[in-house]
Protein chains: 2
Amino acid sequence: MTKDVRKIKTERDIQTAFLELLTTRPFTKVTVSDICQKSLTSRSTFYSHYLDKYDLLDRIVTYYQTMLVQQLDQNFNQMVAGDLESLIHKVIIAMAPHRRAIQILFTVHEPHVDLKESFRQLLHTEWRHYIQKQGPIHEVPVELIADMGTSMHMTLIEWVITHGTDSLPAVIESISIIRKAILLQIDESQPSP
Amino acid sequence: MTKDVRKIKTERDIQTAFLELLTTRPFTKVTVSDICQKSLTSRSTFYSHYLDKYDLLDRIVTYYQTMLVQQLDQNFNQMVAGDLESLIHKVIIAMAPHRRAIQILFTVHEPHVDLKESFRQLLHTEWRHYIQKQGPIHEVPVELIADMGTSMHMTLIEWVITHGTDSLPAVIESISIIRKAILLQIDESQPSP
DNA sequence: TGCTGACTGTTCGAAAGGCAACAATTAAGC
DNA sequence: GCTTAATTGTTGCCTTTCGAACAGTCAGCA
């Protein structure tokens, strides 16, 4: 039931060629022929793997979407109460090996396929759940805090995607003040630095 | 009569996998199975392209040998009298794109397959011809000067292979003094710096 | 000495990919 | 509006690659 290596290889070749091409021109200007030429595959083979270039894009984007969902699920379950720090850290570490691909896909904004936007939505949902689990709050609207958390989170992800994980500990440390300020809005017992 | 792209692809995959493996262990310890595993090709395919791993090594090495021969031939013909500088420069520039592969192959020393050694011999022949063309010399043995020139040339090539071409002009400039000193042995009319 | 495991080199049917040709659609320029 | 060129999907035949099995070689070892 495992795939023939040839399938794995051609899909790998097609996908990396596709991503490379996206660094040279926008998605609309990338043709199937371009992809085949660069990946050294024939068009008939391309169409035996994908419906068209939209399908290709969709599948790659879906792959990273589910990767993020799995990471969030997994780490959310074993999360010690309130330890948002380690959740953020783990998710980012898991993503780091794919940072080039994600960086490229973040530039693609097609009507129904937008990795950056779906990342934002996933994180937003996660934040809303998190805030609501912390108990009822009165002073500030939940949505606002969720927006704030999501923004912070996305900014961090984008930073790591473009700069790598070398300075990650320092970066997380420096934004911890902001994070704590956000969390203070929903939990008065949260200790300050 | 042009090759099927599949052949080109598998040979490319096999060769790059092979070179990568050579960076982790010596040639003797690299098995055909290793190469196939890394390159995602089956052993039956490997043997339909190469007789064995020695044949593979041999073909890659031969490729770079002929590349050097062609470069030398080509530039030796259009060489302005005495303009050794530009010959050296052109040869090195042509080699630069392959520096990683050459660097790896320079570490392999098999009985009948040794890229570094054959580079040295090629350059040595070239230097001997060059010296003899400059007219008869009396004081110093031709072989000694050819040895000196070859050493200098090989050192320069190795330097570029490991450090890249960024500082090439500066490096060539700084060794020009040595080169001129060598050339002074065979041609009294050679102007000094 | 004989056993074992790893590697070699070869074989063959089945699966995948390449190539070339095709009609159909789209975009650009005159 | 018409023409031309480029791109898209699709098809059938042919070539290459895969995978798994096989016997043969060799080194280490009990």
Side-chain angles (χ1 to χ4, degrees), chain A residues 1-63 104 108-113, chain B residues 1-63 104 108-113:
Chain A
M1 193 51 216
T2 36
K3 265 199 222 171
D4 195 313
V5 273
R6 285 172 289 186
K7 290 197 168 187
I8 297 172
K9 253 195 292 187
T10 65
E11 288 181 8
R12 179 200 62 187
D13 291 347
I14 287 176
Q15 293 186 9
T16 59
F18 176 57
L19 288 176
E20 269 186 63
L21 286 168
L22 283 179
T23 66
T24 70
R25 44 182 171 284
F27 175 73
T28 339
K29 300 288 179 187
V30 175
T31 70
V32 174
S33 299
D34 288 340
I35 299 166
C36 293
Q37 198 175 339
K38 179 139 216 159
S39 61
L40 297 182
T41 55
S42 75
R43 285 189 315 114
S44 57
T45 304
F46 178 94
Y47 285 110
S48 74
H49 284 263
Y50 306 100
L51 294 174
D52 47 36
K53 65 171 184 168
Y54 298 93
D55 184 38
L56 169 60
L57 175 65
D58 187 68
R59 296 228 218 144
I60 303 182
V61 166
T62 303
Y63 173 79
I104 295 167
V108 180
H109 308 289
E110 287 298 304
H112 290 234
V113 188
Chain B
M1 193 53 219
T2 36
K3 268 199 221 171
D4 195 314
V5 274
R6 285 174 290 185
K7 290 196 168 189
I8 297 172
K9 255 196 290 188
T10 66
E11 289 181 9
R12 178 200 63 187
D13 291 347
I14 287 176
Q15 294 187 8
T16 59
F18 176 58
L19 288 176
E20 269 186 63
L21 286 169
L22 283 179
T23 66
T24 70
R25 42 181 172 284
F27 175 73
T28 338
K29 301 287 180 189
V30 175
T31 71
V32 174
S33 300
D34 288 340
I35 300 166
C36 293
Q37 198 175 339
K38 180 139 217 159
S39 61
L40 296 183
T41 55
S42 75
R43 283 187 319 113
S44 57
T45 304
F46 178 94
Y47 286 110
S48 75
H49 285 264
Y50 305 99
L51 294 175
D52 47 36
K53 66 172 183 167
Y54 299 92
D55 184 38
L56 169 60
L57 175 65
D58 187 69
R59 295 227 219 146
I60 303 181
V61 166
T62 304
Y63 173 79
I104 295 168
V108 180
H109 308 288
E110 286 299 304
H112 289 206
V113 188

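Chain letters run A, B, ... following the sequence lines, proteins first, then strands; residues in each count from 1. Fair warning: this is a prediction, and the values are worked out from it, not measured in the lab.
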Measure from [atom1] on [X] to [atom2] on [N] and round the result to the nearest Å.
X       : N      : atom1 : atom2 : answer
B:Arg25 : C:dC7  : CZ    : C1'   : 14 Å
A:Ile14 : C:dG18 : CD1   : C1'   : 13 Å
B:Leu21 : C:dC7  : CG    : C1'   : 15 Å
B:Asp55 : C:dT8  : CG    : C1'   : 15 Å
B:Lys53 : D:dT25 : NZ    : C1'   : 15 Å
A:Lys29 : D:dT7  : NZ    : P     : 11 Å
A:Ile35 : C:dG18 : CD1   : P     : 14 Å
A:Lys3  : C:dA14 : NZ    : P     : 23 Å

(message) With a 6.0 Å cut-off (strictly less than), is the heavy-atom count around CD of B:Glu110, excluding the residue itself, greater than 12?
(response)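 Counting other residues, nucleotides and ligands, CD of B:Glu110 exceeds 12 neighbours.
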(request) By nearest nucleotide on DNA chain D, pick out whichever of A:Val5 and A:Val32 is the more 5' one. (result)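 It is A:Val32, whose closest nucleotide lies nearer the 5' terminus.
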(message) Quick check: on DNA chain D, is the nucleotide nearest A:Asp52 upstream (toward 5') of the one nearest B:Glu11, or the reverse? Name the residue that is more 5'.
(response)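 This one resolves to A:Asp52.
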Taking only the side-chain nitrogens and oxygens of [X], find out if one of them lies under 4.0 Å from OP1 or OP2 of [N].
X       : N      : value
A:Thr41 : C:dG17 : no
B:Ser42 : D:dT17 : no
A:Ser44 : D:dG9  : no
A:His49 : C:dG17 : yes
A:Thr10 : C:dG17 : yes

Side chain of [X] - closest among [options]:
X       : options                : value
A:Asp4  : D:dT17, C:dA15, C:dG18 : C:dA15
B:Tyr47 : D:dT8, C:dT8, C:dG18   : C:dT8
B:Thr31 : C:dC7, D:dC18, D:dT11  : C:dC7

(message) Between the base of C:dG17 and the side chain of B:Arg6, is there a donor and acceptor pair under 3.5 angstrom?
(response)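 Present.
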(message) One thing to verify: whether B:Asp55 and B:Arg59 come together as a salt bridge, which I'm taking to mean a side-chain N less than 4.0 angstrom from a carboxylate O.
(response)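 Yes, B:Arg59 and B:Asp55 are salt-bridged.
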(message) Can you tell me how far apart CD1 (A:Ile35) and CD (A:Glu20) are? Round to the nearest 0.5 Å.
(response)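 Reported to 0.5 Å precision, the distance equals 12.0 Å.
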(message) For B:Ser44 and B:Ser42, which I'm curious about, is there any donor-acceptor pair between the side chains at under 3.5 Å?
(response)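 Judged by distance alone, the side chains do pair up.
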(request) Take A:Arg43 and A:Lys7, find for each the nucleotide of DNA chain C with the closest heavy atom, and name the residue whose nucleotide sits nearer the 5' end. (result)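 Closer to the 5' end of DNA chain C: A:Lys7.
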(request) Answer with base, sugar-phosphate or nothing: what part of the nucleic acid does B:Ile8 contact at a heavy-atom distance below 4.0 Å? (result)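 Answer is nothing: B:Ile8 stays at 4.0 Å or more from every strand.
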(message) So B:Lys9, base contact, sugar-phosphate only, or nothing? Heavy-atom distance under 4.0 Å.
(response)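 Counting heavy atoms under 4.0 Å across all strands, the contact made by B:Lys9 is with sugar-phosphate only.
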(message) Using the rule given for side-chain contact (heavy atoms from CB on, under 4.5 Å), can you reason through B:Glu11 versus B:Lys3, listing the C-alpha separation, both sets of side-chain angles and the distance that settles it, and then say yes or no?
(response) CA-CA 11 Å; B:Glu11 289 181 9; B:Lys3 268 199 221 171; 3.4 Å; yes
(message) For a 4.5 angstrom cut-off between non-hydrogen side-chain atoms, does B:Phe27 reach B:Lys53?
(response)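 When only atoms from C-beta onward are counted, B:Lys53 and B:Phe27 do touch, with a gap below 4.5 Å.
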